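Note that these values count all heavy atoms, side chains included, but never hydrogens, waters or copies made by symmetry. Being a predicted model, the structure only gives us computed values, none of them experimental.
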Amino acid sequence: MLEIKGLRATAGDTEILKGIDLTVRAGEVHAVMGPNGSGKSTLAQVLAGHPAYQVTGGSVLYQGRDLLELEPEERAQAGVFLAFQYPVEIPGVTNAYFLRAAYNEIRKSHGLEEVDSMDFLDILEDKLKLVEWEPEIMSRAVNAGFSGGEKKRNEILQMAVLEPKLAILDETDSGLDIDALRIVASGVNKLRRPDSATIVVTHYQRLLNYIVPDYVHVLSNGRIVKSGGKELALELEARGYEWLEEAVGVAS
Amino acid sequence: MSSTVESLVNKEYKYGFVTDIESDVAPKGLNEDIVRLISMKKQEPAWLLEWRLKALRGWQKMSEPHHWPNITYTPVDYQSISYYSAPRTKTPLGSIDDVDPKLLDAYTKLGIPLREQKLLAGVAVDAIFDSVSVGTTYKAKLAEQGIIFCSFGEAVREHPELVQKYLGSVVPLSDNFFAALNAAVFSDGSFVYVPKGVKCPMDLSTYFRINTAETGQFERTLIIADEGASVSYLEGCTAPKRDENQLHAAVVELVALEGATIKYSTVQNWYAGDEEGRGGIFNFVTKRGKAAANAKISWTQVETGSAITWKYPSVLLQGDNSVGEFYSVAVVNGRQQADTGTKMIHMGKNTRSTIVSKGISAGRGQNSYRGQVKVLPKAEGARNYTQCDSMLIGNRCGAHTFPYIEVQNSSSSTEHEASTSKIGEDQIFYLKQRGLNTENAISIIVNGFCKEVFKELPMEFAVEAQKLLGVSLEGSVG
């Protein structure tokens, strides 16, 4: 589904990704871990096409297409979804309106008809249950005045509605209390399908107790320095990141 | 980011066509003879000619405002403009059926069909083409309830007592440079009178169109809502694309007698000039309402056009318990400049005013909010709430706020809130990541920003307004 080869990227004059190789197949969950500044959020943003980063080398194939050639909205329409670490507020625009606009844009790109607001309410009903929310949330402005936890839940609701093929969760666990973490994680788990894949970017192992990964990758100084199964996350939790960085001789 | 701004700025102006129609155009220049000519063409009574001449003499002693407004423009050469242009007709217009088909086509192109069977239900239209009214719809139906809705010229002929009583009663002829100019040379406009206790059953609308080159448009609108009456009035404007600037100096006077309500909505989309700032309309307009006891005047404006906008729709809150409102969206891009806002003058007891201003600046546009809230000594218990928000798109534009608050009564309260935000790369990226293209992303953000104003617009106008911002309006679901 996703094949990243030698991916390098800069922000301004600073090189952040220094050659990433990663292959993700349908049905898999990959965790990308690493200390602050290792480049894991940058990787998520670059895959989604954030204009603040310039790709300087390597390639990314997504479902056989050159992902890097696509505009951010084309990537979204092709099924790439990024759950943001810091979701943006849009005052005056209701959650329902925004989400229906996004849903319809994606439908249109697949040659499907737009759904009207009544039909969309039906679609929403089940999705709201997934994140244990009442419909009232839909008439509030997008993320405006939302708590940190509500914002993250809203990301998962959007993911549930838009049904991506490749979901990238960027530090979705940060700032969540244990109840919100449980709701968010169970939402993500219920959305797992054999034909879709998930990349979970996180600093802590905590989230991975709920969303169990098939593979864990450790990012350090712009490179993947170790890959393994889910037990690698536990080892990191116990020993921290430093031993690994020392072991592979990463100059920071 | 720059492509974002470009796409917004470079949107083609749809209404830039010119209608090829023979016109009677007065010789260029302004002097007493021209004023006499206009008055004669319009077969006006002597008192009105005298009024015009008085205004002209006053105007000749005044000077164009260049210092206090936050706009820069080359002084207008008032002697190179023609002050009267009328589509040539063989006979006086009796009804819409007598109107030149070319004119009707022009309005159809603008989306304003004048034939009544094609009209949107519930809106009566008066169409002003250059200097004259080309037709007013639904007149007969309104007359059944005693409502007068006609061109200004017709009102002068048919209802001189009303015109003489109220003309200049809200905006005196020497009020300011452009108002004095208008008083001297105004050509036509709309007139509305709603009798005591009558609620006007449909929205009334005027559509202004400048067509002829090197002419100015100087229309005058007078709306009187008698005691307990109410009326909702809509105004729309477009002009052809031309390389030179054209002057639009209108005056609108609203008179709301005791317990009356007037709602006045504008969607202004005059040609804004090209990307380099060539051409476009100078929109120098004086709009003011006078509210008697328990009366309410509400201004709603969506200003997206004009090279320069200079206007401050205001309310004189004379009567006790009267209410004034101002809801505004002003958009500048390209090289547009806007200096706009309102004045709320609290004179009566327990008078209330609300000001909600949304300024959007893109391209190299400069947008200024200028507002005055004045509470006079007798205005016990007066209240004002002002909210003034600015949004910046890109980094070559500007937003400025000039609030003036003057309170002379200690029992009153005024509140002022202001904010400035920038549509950032992160905001646009977030929406793009959800599958929306840049244009839609900006539309959604801008519409959300303007929501409080758009919800004040009558339905058809709200649709028009969002179309102007190139969007589908917010709020259909939740």
Side-chain angles (χ1 to χ4, degrees), chain A residues 45 47-52 71-84 86-110 114 116-118 120-121 124 135-144 155 158-159 161-162 164 168, chain B residues 1-5 7 327 329 356 358 360 387 389-391 393-395 417 419-456 462 465-466 469-478:
Chain A
Q45 301 270 0
L47 291 176
H50 196 292
E71 285 291 312
E73 63 269 33
E74 294 169 327
R75 300 183 196 196
Q77 289 159 5
V80 175
F81 179 93
L82 173 64
F84 283 69
Y86 304 108
V88 164
E89 300 187 5
I90 315 170
V93 179
T94 63
N95 230 2
Y97 180 84
F98 169 60
L99 199 44
R100 186 164 67 94
Y103 185 74
N104 278 332
E105 279 305 319
I106 290 175
R107 281 183 68 88
K108 270 197 291 186
S109 74
H110 294 291
E114 298 186 37
D116 64 26
S117 52
M118 295 312 288
F120 189 66
L121 283 179
L124 270 178
E136 284 71 45
I137 198 77
M138 300 314 293
S139 48
R140 285 173 60 183
V142 182
N143 294 328
E155 294 295 288
Q158 292 174 22
M159 177 176 154
V161 171
L162 302 179
I168 305 161
Chain B
M1 191 64 217
S2 63
S3 65
T4 295
V5 177
S7 72
Y327 296 96
V329 168
V356 177
K358 304 278 180 176
I360 298 160
Q387 184 191 334
D389 299 322
S390 304
M391 177 175 269
I393 305 174
N395 47 22
E417 287 180 25
S419 76
T420 302
S421 56
K422 189 171 173 186
I423 293 192
E425 206 166 58
D426 282 337
Q427 220 171 4
I428 292 171
F429 178 63
Y430 186 70
L431 276 78
K432 284 171 75 113
Q433 213 301 304
R434 295 300 181 253
L436 298 152
N437 64 26
T438 305
E439 196 161 288
N440 286 339
I442 290 181
S443 290
I444 285 180
I445 296 167
V446 166
N447 268 277
F449 178 71
C450 299
K451 189 182 190 179
E452 291 145 290
V453 174
F454 283 173
K455 73 178 167 55
E456 296 296 325
Q466 19 141 339
L469 295 177
V471 238
S472 55
L473 185 67
E474 158 58 27
S476 49
V477 179

Peer 1: What pair of heavy atoms forms the shortest contact from B:Q433 to A:A76, and how long is it?
Peer 2: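 So the two residues come closest at O-CB, 3.0 Å.
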
Peer 1: With rounding to the nearest 0.5 angstrom, report the CD to CD1 distance, A:E89 to B:I445.
Peer 2: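 Result: 12.5 Å between the selected atoms.
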
Peer 1: Locate the shortest heavy-atom distance separating B:R434 from A:I106; write the atom from each residue and the value.
Peer 2: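 So the minimum-distance heavy-atom pair works out to O-CD1, 3.8 Å.
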
Peer 1: What's the shortest heavy-atom distance between A:V93 and B:G448, and which atoms?
Peer 2: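 A:V93 and B:G448 have their closest heavy atoms at CG2-CA, 3.5 Å.
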
Peer 1: If you look at every heavy atom in B:F429 and A:P72, which pair is closest and at what distance?
Peer 2: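 So the two residues come closest at CE1-CB, 4.0 Å.
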
Peer 1: For chain B, find which of A:Q158, A:M118, A:R75, A:Q45 contributes the most heavy-atom pairs closer than 4.5 angstrom.
Peer 2: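 Most pairs with chain B among the choices: A:Q158.
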
Peer 1: Search all heavy atoms of B:L436 against all heavy atoms of A:E73 and return the closest pair with its distance.
Peer 2: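 In terms of heavy atoms, the two residues are closest at O-CB, 3.4 Å.
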
Peer 1: What part of A:E71 lies closer than 4.5 angstrom to a heavy atom of chain B: side chain, backbone, both or neither?
Peer 2: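 Only the side chain of A:E71 comes within 4.5 Å of chain B.
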
Peer 1: Looking at every non-hydrogen atom in both residues, tell me the closest pair between B:Q427 and A:V88 and how far apart they are.
Peer 2: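 Looking at all heavy atoms of both residues, the shortest contact is CG-CG1, 3.2 Å.
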
Peer 1: Pick one of side chain, backbone, both or neither for A:P87, based on which atoms fall under 4.5 Å of a heavy atom in chain B.
Peer 2: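 Looking at A:P87, backbone and side chain both touch chain B.
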
Peer 1: Are B:L431 and A:E105 side-chain neighbours, meaning at least one heavy-atom pair lies under 4.5 Å?
Peer 2: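 In short, these two side chains do not touch, never coming nearer than 4.5 Å.
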
Peer 1: Could you give the distance from CG (B:D426) to CZ (A:F84), rounded to the nearest 0.5 Å?
Peer 2: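 It is 8.0 Å, given to the nearest 0.5 Å.
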
Peer 1: Parallel under 30°, tilted from 30 to 60°, perpendicular over 60°: which one fits the rings of B:Y430 and A:F98?
Peer 2: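 If you compare the ring of B:Y430 with that of A:F98, the planes turn out parallel.
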
Peer 1: Is A:L82 close to chain B through its backbone or its side chain, or both, or neither, when contacts mean heavy atoms under 4.5 Å?
Peer 2: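 Contact with chain B: backbone and side chain both.
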
